[in-house]
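Throughout, protein chains are lettered first and strands after them, A, B, ... in sequence-line order, and every chain is numbered starting at 1. Atoms considered below: every heavy atom in the structure, side chains included; atoms not considered: hydrogens, waters and symmetry mates.
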Amino acid sequence: MAKKSAEPEVKLTLGQYLASIREDRDLSQRDVEKATNKVVSNAYLSQIENGLIKKPNPNILHALSELYAISYEDLMERAGYIVPTRSRSGGEQRHGRVATFAGHNLTDEEEAELVQFLGYLRSRKKPGGQS
Amino acid sequence: MAKADDSSLDPEELRAVQSAARRALDRASAWGIYPTPTSVILEAASLKIAPASAFDPRRITEYLLGKAESAAVALKSAIAKVFGIYDAGEQLIHIDDSVHKSKQNFLKLHEAGHHELPSHRSAFRLFHDCEKTLDPAISDLFEREANNFARFVLFQGDGYASMAADHKLELKTPMKLASKFGASVYASCREFARTHHRACAVYILEPVTYCEKTGARAVVRRIEASPAYLRQFRRPDETEITLDHSLGRVLPVGRKMTRPTTVSITDRNGQAHECVAEAFDTTFNVLLLVYPVKALTAVTVMIRSQ
């Protein structure tokens with residue numbers, strides 16, 4: 001996608017957003033490479049910022065969120081990695097709210113029940129929870 | 001149908017996973033200790049195995065009292081589908097202890113991978129209280145990354161490959177190394193074929209069934225091949241092995257093992273090669289190792305990747 005100039009801030013692409021934050025933090029792409037211990041190479045960052053890589057690996061986004069002190073969740077959403085549960089269709093796709101090792105994918109309903117059950121187990125464990 | 005890809009990562013992704021796995025082994029001072037001391041790895045990561053696990057039927061029943069029937073059905077089917085769960089909020093791992101011990105090691109390390117990769121841990125923490133989810137493509141990637149983490153820690157980088165290089169190229173070797181590394185025979189055979197310096201491939205087949213037309217047949221679950229095998233032949237892509245396939249003779253029908261048997265495999269240039277194939281029926285699946293005879297006498301210079 002070509003750069004859109006003079007768009008309102010909400011329309012910034014992931015790359016434009018990351019470039020603007022980096023400039024705000026007064027860092028060069030090389031500074032970022034150094035500060036992240038080469039986790040984010042200057043070449044890779046340049047491609048992200050120019051929109052050549054639209055979906056960078058989450059590890060890279062995490063490293064950038066730490067360095068820039070911005071929300072990882074927001075970066076994951078901008079990259080399209082975190083979506084509302086209801087936008088998914090059917091049980092054929094991999095579930096994505098709980099970290100599991102599963103033989104089969106969970107349906108949304110199954111996963112929702114599992115999330116609740118884990119919450120219940122957590123509450124039972126706490127000193128204040130009923131025993 | 002063959003199982004979906006559960007392990008391939010691009011080099012960048014692999015590097016990130018391996019450096020997290022290396023850190024975990026460093027912290028636990030676990031290099032060179034076989035099998036990898038899983039409990040020390042978890043302890044060094046401040047991870048605990050849930051004592052009252054999500055798989056405990058009593059816990060499930062307690063929780064379901066007063067719940068609608070539909071919720072009960074959904075939870076029970078969810079529990080039946082999963083073997084391990086990582087609770088990011090609690091630094092807690094739930095393991096289905098009805099699965100075989102050797103597989104539990106892999107499960108624990110897989111869940112530890114979700115914990116040790118900060119991009120996973122932070123993401124999964126978000127979903128306790130909101131209706132958001134990972135996009136399916138990225139949750140697939142996270143699963144493959146966690147598998148690679150577990151594989152690296154369990155087999156200690158190229159520790160497995162170096163040890164395998166000192167043993168004979170035969171099916172007994174990965175079976176023996178499985179207990180050395182605290183891995184399942186299945187995981188050990190996959191690692192064996194994936195990392196061997198000589199040409200070899202392991203077919204993992206579903207148990208043999210019988211069809212009136214073709215007789216014995218086994219559906220391919222996965223195939224792993226060594227880089228040398230891929231160079232000489234190509235990535236095998238059979239979906240089933242029937243008796244009229246060159247490997248059909250090796251299917252262990254009515255027996256546990258098939259002794260090394262000569263078979264013919266055609267290489268990339270259409271040239272037939274004399275190969276040896278042998279098989280073992282684990283009752284859960286059939287492991288079939290195949291390698292060209294020439295590889296047995298070939299001189300290979302090994303270059304360590306680390």
Side-chain angles (χ1 to χ4, degrees), chain A residues 37-41 44 55-63 65-66 71-73 75-77 79-122 124-126, chain B residues 10 12-13 16-17 19 50 52-54 59-60 62-63 67 70-72 74-75 77-79 81-90 92 94 106-107 110-111 114-115 117-124 126-143 145-147:
Chain A
N37 240 334
K38 293 193 177 170
V39 168
V40 187
S41 77
Y44 195 85
K55 290 186 168 276
N57 182 278
N59 292 321
I60 303 284
L61 294 181
H62 194 270
S65 77
E66 297 253 289
S71 155
Y72 171 61
E73 181 182 359
L75 292 186
M76 290 286 278
E77 281 186 3
Y81 289 152
I82 292 180
V83 293
T85 301
R86 58 183 172 281
S87 72
R88 290 158 49 97
S89 56
E92 293 304 302
Q93 301 167 318
R94 170 84 65 182
H95 52 278
R97 289 179 67 196
V98 194
T100 62
F101 187 99
H104 301 278
N105 298 327
L106 303 180
T107 63
D108 288 347
E109 195 192 355
E110 287 166 350
E111 191 169 37
E113 286 303 328
L114 189 57
V115 170
Q116 277 196 27
F117 180 46
L118 289 175
Y120 164 81
L121 290 178
R122 241 177 268 140
R124 300 271 299 185
K125 234 193 83 228
K126 301 250 165 71
Chain B
D10 72 30
E12 280 302 321
E13 291 159 355
V17 170
S19 78
S53 145
R59 292 269 145 175
I60 300 173
E62 258 170 45
Y63 169 73
K67 282 257 165 191
S70 62
L75 178 64
S77 63
I79 291 289
K81 285 179 178 180
V82 302
F83 305 116
I85 306 166
Y86 164 56
D87 187 336
E90 290 285 289
L92 209 58
H94 298 262
F106 189 90
L107 290 177
H110 172 101
E111 302 307 341
H114 287 310
H115 177 75
L117 291 156
S119 56
H120 294 209
R121 195 196 312 184
S122 305
F124 284 119
L126 299 171
F127 305 128
H128 294 320
D129 311 306
C130 70
E131 278 296 305
K132 285 179 186 165
T133 184
L134 284 175
D135 181 66
I138 218 70
S139 41
D140 274 342
L141 172 69
F142 277 8
E143 291 312 306
E145 289 186 337
N147 282 342

Which residues pass the ring pair (Phe, Tyr, Trp, His ring centres under 6.0 Å) test with Phe106(B), sequence neighbours left out?
-> none
Atom pair CE/CG of Met76(A) and Asp135(B) - distance to nearest 0.5 Å = 9.5 Å
Given that the side chain runs from C-beta out, which part of Leu75(B) has a heavy atom under 4.5 Å from chain A: side chain, backbone, both or neither?
-> both
Got a donor-acceptor contact below 3.5 angstrom from the Tyr81(A) side chain to the Lys55(A) backbone?
-> yes
If every non-hydrogen atom of Thr133(B) is compared with every non-hydrogen atom of Gly96(A), which pair is closest and at what distance?
-> OG1-C, 3.3 Å
Between Ile85(B) and chain A, which part of the residue has a heavy atom less than 4.5 Å away: side chain, backbone, both or neither?
-> both
Under 3.5 Å: donor-acceptor pair, side chain of Glu73(A), backbone of Leu126(B) | no
Do side-chain atoms of Lys81(B) reach the backbone of Gly103(A) as a donor and acceptor pair under 3.5 angstrom?
-> no
Chain A contact via His94(B) - which portion, at a heavy-atom distance below 4.5 Å | side chain
With a 4.5 angstrom heavy-atom cut-off, which part of Ile79(B) approaches chain A: side chain, backbone, both or neither?
-> side chain
Below 4.5 Å from any heavy atom of chain A, which atoms of Glu145(B) appear? Answer side chain, backbone, both or neither.
-> side chain
Side chain, backbone, both or neither: which part of Val98(A) has a non-hydrogen atom closer than 4.5 Å to chain B?
-> both
Side chain, backbone, both or neither: which part of Tyr72(A) has an atom under 4.5 Å from a heavy atom of chain B?
-> side chain
Taking the side chain as C-beta and beyond, is there a heavy-atom pair between Ser139(B) and His95(A) under 4.5 Å?
-> no
So, the part of Asn147(B) with a heavy atom under 4.5 Å from chain A: the answer is side chain
For the pair Phe101(A) and Phe83(B), name the ring-plane relationship: parallel under 30°, tilted 30 to 60°, perpendicular over 60°.
-> tilted
Atom group of Asp87(B) that falls short of 4.5 Å from chain A, counting heavy atoms = side chain
What part of Glu77(A) gets closer than 4.5 Å to chain B, counting heavy atoms only: side chain, backbone, both or neither?
-> side chain
How are the rings of Tyr63(B) and Phe117(A) set relative to one another: parallel (under 30°), tilted (30 to 60°) or perpendicular (over 60°)?
-> tilted
When only pairs under 4.5 Å are counted, which of Val39(A), Leu114(A), Asn59(A), Val115(A) shares the most heavy-atom pairs with chain B?
-> Asn59(A)
Could you tell me which of Ala54(B), Ala16(B), Ala146(B) has the largest number of non-hydrogen atom pairs under 4.5 Å with chain A?
-> Ala54(B)
Interatomic distance, Ile60(A) atom CD1 to Ser41(A) atom OG [nearest 0.5 angstrom] | 7.0 Å
Chain A interface, residue from Glu111(B), Glu13(B), His115(B) that has the most non-hydrogen pairs under 4.5 Å | Glu111(B)
Sort Asn57(A) into side chain, backbone, both or neither according to what part of it lies under 4.5 angstrom from a heavy atom of chain B.
-> side chain
Which atoms of Ser70(B) approach chain A - backbone, side chain, both or neither, heavy atom under 4.5 Å | both
